[in-house]
S.K.: 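Before we start, here is the structure in question, set down as structure tokens.
Treat the numbers as computed from the prediction; the structure is a model and nothing was measured. Here is the naming used below: chain letters follow the sequence lines, and residue numbers restart at 1 for every chain.
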Protein chains: 2
Amino acid sequence: MAKPVTILDVAALAGVSKSAASLALRGTGYVNEAKRRAVLDAAAELGYRPNAAARALGARRSGIVGLILDDLRNPWFVPAVEGLSDGLHSAGLRPLLGDWRLEGAPLVERFLELRVEGIVLVGTLDGAEAALTGIAAPVVQVGSPQAQAPGAAVVTNDDAEGARRVVRHLAALGHRRVAHLGAPGTAVGDARRVGFEDESRRLGLEHRTVGAGLTEEAGYRAGRALLAETDRPTAVFAVNDMAALGVLSAAGDLGLSVPADVSLAGYDDTPTARLRAVGLTSVDNASGEAGRVAAQLLADQIAGAAGAGVAVLLAPELKARSSTAPPPAAR
Amino acid sequence: MAKPVTILDVAALAGVSKSAASLALRGTGYVNEAKRRAVLDAAAELGYRPNAAARALGARRSGIVGLILDDLRNPWFVPAVEGLSDGLHSAGLRPLLGDWRLEGAPLVERFLELRVEGIVLVGTLDGAEAALTGIAAPVVQVGSPQAQAPGAAVVTNDDAEGARRVVRHLAALGHRRVAHLGAPGTAVGDARRVGFEDESRRLGLEHRTVGAGLTEEAGYRAGRALLAETDRPTAVFAVNDMAALGVLSAAGDLGLSVPADVSLAGYDDTPTARLRAVGLTSVDNASGEAGRVAAQLLADQIAGAAGAGVAVLLAPELKARSSTAPPPAAR
DNA sequence: GTGAAAGCGCTAACAC
DNA sequence: GTGTTAGCGCTTTCAC
């Protein structure tokens with residue numbers, strides 16, 4: 001490759017000093033209009049591209065924010081990243097993505113070496129606490145109610161409220177015997193279970209919770225066992241869409257039709273749930289909005305404003321689809 | 001935050017020179033074993049974290065590779081990224097991700113300013129040619145057969161062969177009247193259509209191709225029209241899984257059962273297709289392997305070996321599931 | 001073998 | 001107002 005063009009070359013071509021070129025290029029400070037033009041033209045002509053490393057070193061700030069995604073395979077994070085990208089850009093910060101599942105703790109290290117100005121945790125990162133303890137950069141997390149780094153700000157939807165809305169929806173359809181497939185030991189699982197149980201009790205529904213997990217496999221197993229019982233519930237609320245899809249498969253295996261024989265609801269409103277062929281009733285967890293709020297929070301912290309430890313709860317929204325209907329008895 | 005600790009602090013604590021510390025830390029060159037230990041201990045004690053910007057500036061290389069994903073929403077790229085991550089790490093390169101749909105051309109610019117040592121294009125990037133023309137970094141692309149940057153190496157699966165396998169599968173099941181929902185104007189669409197038509201002709205099947213697109217919506221529309229005809233095909237092969245899911249919905253709307261009334265196949269073997277509740281016959285496009293090969297190719301190019309313009313075709317694999325079965329007449 | 005010194009490309013105080 | 005200069009933190013060549 002040709003010898004790289006530096007700001008010195010630009011300055012020389014434009015006939016100005018190095019620092020004048022720097023100022024002109026960046027629009028900071030005051031520069032003679034004629035020289036400004038000359039610098040810009042020279043830069044364009046030479047195809048000048050600033051060196052981010054040099055800039056970061058000189059300016060003592062990188063302008064980048066590291067986004068750590070819990071798992072690329074589960075696309076629930078997409079709206080969150082969109083919101084974050086939006087919010088960060090308008091704060092003059094640039095996001096860079098990495099996958100926790102694929103890279104783990106070294107990813108954090110790498111971001112820190114890049115001197116990112118902040119880190120955003122998207123989703124639930126297994127065992128990230130250690131890697132995130134004692135770091136200088138501000139941390140904001142979206143999508144998990146449990147702080148995964150000391151002092152991290154948390155932005156997420158109100159899982160308990162979302163679960164309550166599902167229960168109300170099922171009750172309104174006429175269901176009296178409902179079940180919840182939970183994910184014990186996870187923060188989202190606990191919150192959703194609590195919401196489910198509270199609201200079921202309040203409405204006087206016959207209800208029960210069984211442990212499952214956050215994956216399709218877990219939902220399939222638990223669903224299979226649950227739906228095989230003689231006094232099976234008329235409606236099942238799974239902790240998330242993946243698990244709900246597992247239940248859907250289990251129902252199919254058992255010859256049960258959804259929603260004719262059993263109604264089914266999930267959580268997260270994933271693209272898969274929205275597919276017409278699936279049509280899973282779910283809860284929109286407002287992750288796009290969460291991303292936007294998180295970006296703002298992080299920008300504030302970077303700018304020096306307080307905000308560490310803040311927790312923001314967003315209102316979730318029920319998305320009723322074809323997987324829920326009145327119970328068989330009520331027909 | 002506390003004053004950042006630099007390599008100077010480490011050297012001082014260890015009682016050695018700055019350069020000795022640098023050598024020891026990185027394992028390059030020869031350093032007295034005792035000093036080596038001293039440096040490492042000092043670094044650990046101080047919590048020293050090298051500054052990537054300074055390192056990149058001094059070493060004149062960043063060690064990072066930019067991965068540009070076409071669209072985070074379509075999770076087909078996950079195996080490719082896994083393969084890439086693997087391959088790059090073992091070549092001593094570190095991947096950083098960005099989303100083309102969200103950021104567009106400025107993302108390329110940003111990577112270039114970071115002086116990435118290479119760029120990987122994952123999927124089909126709309127209108128990326130301009131942003132990728134005339135750049136110095138080597139470019140490798142995976143998942144799209146059509147070169148999106150001058151001289152880019154291409155690693156992808158053999159789409160025509162995959163389509164042929166689908167046709168053979170359908171023919172073996174007894175289907176004689178088949179249709180293809182294509183994506184005209186896209187490279188993958190063209191290749192799959194050609195494979196479909198060639199093999200159908202070779203096997204003497206009654207076949208036709210109708211234009212659709214790569215999205216669920218496109219598949220739904222085209223599927224709806226196609227399946228409403230009186231002499232509808234007994235099997236439909238959609239250009240990808242998303243489109244096939246659209247067809248699945250269309251069939252449901254029309255009261256047709258899959259696979260009893262009509263068989264259905266897609267392409268890409270996405271996680272959604274694999275869901276038990278969906279069970280869509282599809283084609284594994286070997287994207288994990290493609291990622292690994294692409295990483296190797298890129299590493300070679302970075303190391304100075306040739307490889308620009310190379311094209312590698314991987315063998316796809318049919319994944320038969322419950323959406324394909326013998327045609328009604330043959331039952 | 002080891003340490004001193006000269007950059008790497010850019011920013012930002014600070015004189016002129 | 002504009003240009004000069006001293007770093008930023010690390011690598012690496014090159015004398016000792």
Side-chain angles (χ1 to χ4, degrees), chain A residues 1-39 42-43 46-64 92 109-110 112-117 136, chain B residues 1-40 42-43 46-64 92 110 112-117 136:
Chain A
M1 44 185 157
K3 152 143 60 72
V5 16
T6 78
I7 199 172
L8 244 59
D9 302 318
V10 174
L13 209 182
V16 305
S17 77
K18 187 171 83 161
S19 50
S22 173
L23 293 190
L25 249 8
R26 216 148 13 96
T28 315
Y30 203 97
V31 186
N32 181 316
E33 180 56 23
K35 301 201 169 181
R36 240 181 61 79
R37 281 239 61 78
V39 170
L46 294 174
Y48 170 68
R49 180 141 36 214
N51 182 320
R55 188 200 310 124
L57 205 51
R60 295 167 206 22
R61 54 172 303 183
S62 65
I64 99 174
E109 198 58 29
R110 219 135 67 68
L112 260 19
E113 293 185 0
L114 277 172
R115 299 297 187 263
V116 294
E117 302 193 18
Chain B
M1 43 184 158
K3 152 144 60 72
V5 15
T6 76
I7 199 172
L8 245 58
D9 303 318
V10 175
L13 209 183
V16 305
S17 79
K18 187 171 85 160
S19 48
S22 171
L23 292 191
L25 250 7
R26 216 150 11 96
T28 314
Y30 204 98
V31 186
N32 183 316
E33 181 55 26
K35 301 202 169 180
R36 238 182 64 79
R37 280 239 61 79
V39 171
L40 263 31
L46 294 174
Y48 169 69
R49 181 142 34 219
N51 181 320
R55 189 197 312 121
L57 205 52
R60 294 165 207 26
R61 52 173 304 183
S62 65
I64 99 174
R110 220 136 64 70
L112 260 16
E113 292 186 0
L114 279 172
R115 300 296 187 264
V116 295
E117 303 193 17

S.K.: Could you give the angle between the helix axes at the two ends of the helix from C:dG1-D:dC16 to C:dC16-D:dG1, with five pairs per end, rounded to 10 degrees?
M.R.: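 The end-segment axes of the helix from C:dG1-D:dC16 to C:dC16-D:dG1 are tilted 50° relative to each other.
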S.K.: Among all residues two or more places apart in sequence or in another chain, which pass the side-chain contact (heavy atoms from CB on, under 4.5 Å) test with B:Leu46?
M.R.: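 Counting only residues at least two positions away or on another chain, B:Leu46 forms a side-chain contact (heavy atoms from CB on, under 4.5 Å) with B:Val5, B:Asp9, B:Val10, B:Leu13.
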S.K.: If you round to the nearest 0.5 Å, how far is OG of A:Ser17 from CG of A:Leu8?
M.R.: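 One gets 10.0 Å once the value is rounded to the nearest 0.5 Å.
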S.K.: Quick check for you: name the first and last nucleotides of DNA chain C, 5' to 3', having an atom under 4.0 Å from a heavy atom of chain B.
M.R.: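 Contact boundaries, 5' end first: C:dT2 to C:dG9.
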S.K.: List the residues meeting side chain to side chain donor-acceptor pair (under 3.5 Å) with B:Ser62, not counting sequence neighbours, and say none if there are none.
M.R.: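 B:Ser62: no side chain to side chain donor-acceptor pair (under 3.5 Å) contacts found.
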S.K.: For B:Arg60 and B:Gly58, indicate whether the former's side chain and the latter's backbone hold a donor-acceptor pair under 3.5 Å.
M.R.: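 Flag set: sc B:Arg60 to bb B:Gly58 pair under 3.5 Å.
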S.K.: So, does A:Glu117 use its side chain to make a donor-acceptor pair with the main chain of A:Gly63 at under 3.5 Å?
M.R.: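 Answer holds: yes.
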S.K.: So do the side chains of A:Ile7 and A:Pro50 get within less than 4.5 Å of each other, counting heavy atoms only?
M.R.: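 No, their side chains stay 4.5 Å or more apart.
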S.K.: Restricting to side-chain contact (heavy atoms from CB on, under 4.5 Å), what partner residues turn up for A:Ala54, sequence neighbours left out?
M.R.: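 A:Ala54 satisfies side-chain contact (heavy atoms from CB on, under 4.5 Å) with A:Asn51, B:Leu57 once adjacent residues are dropped.
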S.K.: Would you say that B:Arg115 contacts B:Arg61 through its side chain, given a criterion of any heavy-atom pair below 4.5 Å between the two side chains?
M.R.: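 No, too far: nothing below the 4.5 Å cut-off.
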S.K.: Could you state the interatomic distance from CG (B:Leu114) to CZ (A:Arg55), rounded to the nearest 0.5 Å?
M.R.: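 It comes to 8.5 Å.
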S.K.: Treating primed atoms plus P, OP1 and OP2 as sugar-phosphate and everything else as base, which nucleotides of nucleotides 6-16 of chain D get B, S or - for protein heavy atoms under 4.0 Å?
M.R.: B-BBBBB----
S.K.: Looking at A:Arg110, I want to see if its CZ is surrounded by more than 12 non-hydrogen atoms of other residues, nucleotides or ligands under 6.0 Å.
M.R.: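 Count over threshold, so yes.
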